[in-house]
2 protein chains.
Amino acid sequence: MKALAEPRGAAGVRRRLSEVIGAAAKVFAKRGYHGASTQDIADVLGIRQASLYYYFDSKEAALEAVCREGHEAYVERLLQIARSDATSSEKVAQVLLHHAAPERLDFTLVFLRERRFLPGPARRRIRALELRYERAIQRIVEQGIRSGEFRSDLDARMTTLALLGLGNSAAAWYGREADVTPERMLRAYIDLLVRALGVRH
Amino acid sequence: MKALAEPRGAAGVRRRLSEVIGAAAKVFAKRGYHGASTQDIADVLGIRQASLYYYFDSKEAALEAVCREGHEAYVERLLQIARSDATSSEKVAQVLLHHAAPERLDFTLVFLRERRFLPGPARRRIRALELRYERAIQRIVEQGIRSGEFRSDLDARMTTLALLGLGNSAAAWYGREADVTPERMLRAYIDLLVRALGVRH
DNA sequence: CCTCTTTTCTATTGTGCTATAGAATCGAGT
DNA sequence: ACTCGATTCTATAGCACAATAGAAAAGAGG
């Protein structure tokens with residue numbers, strides 16, 4: 001009893017897989033990896049629990065797919081920002097905006113909270129993606145320091161982690177209180193960060 | 001077959017309960033609430049799984065106890081800081097130091113990550129504690145703004161959340177990389193925060 | 001309409017986990 | 001030594017879940 005029959009061309013295959021991964025992301029984000037059952041995921045898709053195993057060998061494989069798909073889009077977009085010719089402050093602002101964007105929030109939250117439950121090999125694979133991301137941000141910070149736009153006494157590594165930490169905490173906050181909108185939060189965070197990093201005039 | 005027989009006076013009762021809660025905190029922090037079994041907790045204590053139910057009515061009750069015990073100590077210490085006659089900047093620094101102190105890290109991490117799995121009523125009880133904590137920090141920020149020590153255009157609420165977010169992200173980072181020590185991290189974070197909040201000279 | 005591939009289904013197996021019931025043991029005070 | 005409450009134990013019920021096997025259905029292409 002599927003909701004809607006869709007034409008299934010060579011691209012439709014890929015799309016369906018994305019839907020399944022998206023459903024897993026949604027459920028893992030809501031209930032946590034261990035708290036979520038494969039039945040929960042199947043319910044979102046309107047299919048039977050066992051049918052999921054056509055797409056994944058195991059629940060853990062589903063978690064890895066969510067982490068990977070979520071993060072790959074992230075890295076790509078980040079490298080775009082890094083390559084642009086904006087000032088370092090603008091880049092920092094864009095990174096924060098993008099990092100804590102409320103669009104693919106499910107993927108972000110699963111990555112943040114659940115990746116640690118991946119088995120060793122998978123965790124190392126995901127960690128490799130993560131390092132690329134962190135290093136790209138760190139290069140933006142270092143570039144800002146070299147150009148004199150940021151203070152010269154910054155610890156670039158710690159500054160990077162602070163930027164990430166702020167972004168992550170923003171993402172974790174959405175939806176908890178009505179008056180804490182993403183816009184208000186990100187504006188304030190960007191303002192704080194830019195002032196903390198910039199040289200004094 | 002207990003590891004060590006201890007004298008069990010009127011205070012020993014309380015201590016034993018704390019040990020049990022501490023074991024739960026340790027296990028929940030490591031494996032996550034849903035990923036941890038009551039057997040895991042019993043193993044840490046060297047007792048049988050069923051014996052835990054002498055202390056708790058349910059696994060959920062154990063989670064609430066961990067969240068409560070962890071947070072009560074927090075609030076207490078925070079109010080001390082708030083009452084002191086340090087400058088606002090010093091207070092902010094102390095709050096961050098205390099919030100991300102690596103001592104009772106298990107409790108902190110469980111509170112951060114697992115409290116959302118509490119059932120409605122328990123979650124509301126814990127949320128009440130949380131609000132006291134947030135408001136106490138917010139008062140410190142507001143006081144700094146009023147006294148002219150901090151910028152007057154700060155959004156006190158968002159600044160509070162940023163402070164908490166940085167603290168939380170610091171706590172979440174410990175132990176992931178050797179060269180990221182709590183000292184280095186907290187020093188950098190405090191430096192960033194104080195510069196972000198302070199008026200320019 | 002037939003065939004082949006893709007996708008979903010039914011049915012089930014085995015495992016691990018929370019929680020309960022009631023018995024045994026411990027330990028302090030008398 | 002005896003008693004009584006506090007603490008831990010054995011044993012088990014009962015459920016939820018991940019995963020497998022193999023049959024059915026749904027499309028696409030000829």
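In the text below, chain A, chain B and the rest are named by the order of the sequence lines, each starting its count at 1. In this text the structure is predicted, and so the values were computed from the model without any measurement.
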*Between B:Tyr74 and B:His98, does the ring centre distance come in under 6.0 Å?*
yes
*Rounded to the nearest Å, what distance is computed from the CD atom of residue A:Gln49 to the C1' atom of nucleotide D:dC15?*
15 Å
*May I ask you to check whether B:Glu142 and B:Gln138 show a side-chain donor-acceptor distance below 3.5 Å?*
yes
*What's the CG-P distance between A:Asp40 and D:dA16, to the nearest Å?*
12 Å
_Nearest whole Å is fine: how far is D:dA26 P from A:Arg48 CZ?_
14 Å
*Looking across every strand, which nucleic acid part, if any, lies under 4.0 Å from A:Ala62 by heavy atom: base, sugar-phosphate, or nothing?*
nothing
*A:Tyr174 (side chain) donor-acceptor with A:Ala100 (main chain) under 3.5 angstrom*: yes
*Between P of C:dA21 and CG of B:Asp57, the distance in whole Å*: 12 Å
*Just how far, in rounded Å, is C1' of D:dA6 from CZ of B:Arg14?*
16 Å
*Would you mind telling me which of C:dT18, C:dC9, D:dT7 lies closest to the side-chain atoms of A:Ile47?*
C:dC9
*Does the side chain of A:Tyr53 get closer than 4.0 angstrom to OP1 or OP2 of C:dT8 through an N or O atom?*
no
*What is the distance, rounded to the nearest whole Å, between atom NE2 of A:His34 and atom P of C:dT15?*
20 Å
*Contact check, side chains of B:Met158 and A:Trp173, non-hydrogen atoms, under 4.5 Å*: no
_Length of the CG-P vector between A:Leu52 and C:dT10, whole Å_ = 14 Å
*In whole angstrom, give the distance that lies between atom CZ of B:Phe56 and atom P of C:dT18.*
13 Å
*What does A:Ala61 touch in the nucleic acid at a heavy-atom separation under 4.0 angstrom: a base, only the sugar-phosphate, or nothing?*
nothing
_At less than 4.0 Å, is any side-chain N or O atom of B:Tyr54 found next to OP1 or OP2 of D:dT7? Yes or no._
yes
_So, taking the atom named CG in A:Leu166 and the one named CG in A:Leu193, what distance separates them when rounded to the nearest 0.5 Å?_
5.0 Å
*Taking only N and O in the side chain of A:Ser51, is any of them less than 4.0 Å away from OP1 or OP2 of C:dT7?*
no
*asked:* Does a side-chain N or O of B:Thr38 approach OP1 or OP2 of C:dT18 to a distance below 4.0 Å, or not?
replied: yes
